[in-house]
Amino acid sequence: MDTSFKQRVLTIVKKIPQGQTMTYGQVAALAGNSKASRAVGMILSKNFDPAIPCHRVVKANGDVGGYNRGRENKLKMLQNEKIVSLT
DNA sequence: CGTATGACGTGCA
DNA sequence: GTGCACGCCATAC
């Protein structure tokens with residue numbers, strides 16, 4: 001385990017509540033560097049841990065950004081938990 | 001240490 | 001609203 005920036009980002013993303021989304025810059029800011037938005041994206045891209053809801057991380061302009069399993073899958077998940085807020 | 005890469009952010013025309 | 005360019009940071013070699 002490396003107590004590095006990536007570890008911090010992963011922990012934050014992991015804490016993102018369902019139905020909620022955060023921007024890379026926001027996660028980066030919480031990680032310690034509000035300018036490390038790119039680094040955040042790279043880290044998530046290299047991380048394939050299913051325990052990390054990286055699909056809840058979007059770009060600052062509201063774009064879905066990307067996903068290690070395909071943008072389509074990300075959009076689907078967001079639509080599944082973000083849109084569908086019904087029990 | 002220097003270079004290259006990448007799921008970004010912001011500014012300007 | 002759209003397109004382009006620059007900056008910023010972390011990781012890998």
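So that the names make sense, note that chain A is the first sequence line, chain B the second, and so on, each numbered from 1. Worth knowing before you read on, the calculation uses all heavy atoms, side chains too, and leaves out hydrogens, waters and symmetry mates.
With rounding to the nearest 0.5 Å, the separation of CD1 in Ile52(A) from CD1 in Ile43(A) is 10.0 Å. If you take NE2 on His55(A) and CG on Asn80(A), they are separated by 8.5 Å, rounding to the nearest 0.5 Å. Taken to the nearest 0.5 Å, the CZ atom of Arg56(A) stands 11.5 Å off from the CE atom of Met22(A).
As rounded to whole Å, 21 Å separates atom P of dT5(B) from atom CG of Leu44(A). Rounded to whole angstrom, the span from the CD1 atom of Ile12(A) across to the P atom of dA10(C) amounts to 13 Å. Arg71(A) has its CZ atom 14 Å from the C1' atom of dG6(B), to the nearest Å.
For Met42(A), the listed nucleotide lying nearest its side chain is dT5(B); candidates were dT5(B), dC8(B), dC9(C). In the set dA10(C), dG9(B), dA7(B), dG9(B) carries the atom at the smallest distance from any side-chain atom of Thr23(A). Of the listed nucleotides (dC9(C), dA7(B), dA10(C)), dC9(C) has the atom at the smallest distance from the side chain of Lys35(A).
Among the protein residues, Asn61(A) comes within range of the sugar-phosphate backbone only, with heavy atoms under 4.0 Å from sugar or phosphate atoms but none that close to a base. The residue Ala36(A) sits close only to the backbone: its heavy atoms come under 4.0 Å of sugar-phosphate atoms, none of a base. When heavy atoms are screened at a 4.0 angstrom cut-off, Gly41(A) is found touching base atoms of the nucleic acid.
The side chain of Asn33(A) places no N or O atom within less than 4.0 Å of a non-bridging phosphate oxygen (OP1 or OP2) of dC8(C). Phosphate proximity of dC8(B) to Lys59(A): present, with a side-chain N or O under 4.0 Å from OP1 or OP2.
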Which pairs of donor and acceptor atoms, one on a side chain in residues 59-74 of chain A, lie under 3.5 Å apart (sequence neighbours left out)?
unit_1	atom_1	unit_2	atom_2	d
Asn68(A)	ND2	Asn47(A)	O	3.0
Lys74(A)	NZ	Val57(A)	O	2.5
Lys74(A)	NZ	Val64(A)	O	2.4
Lys74(A)	NZ	Gly66(A)	O	3.0

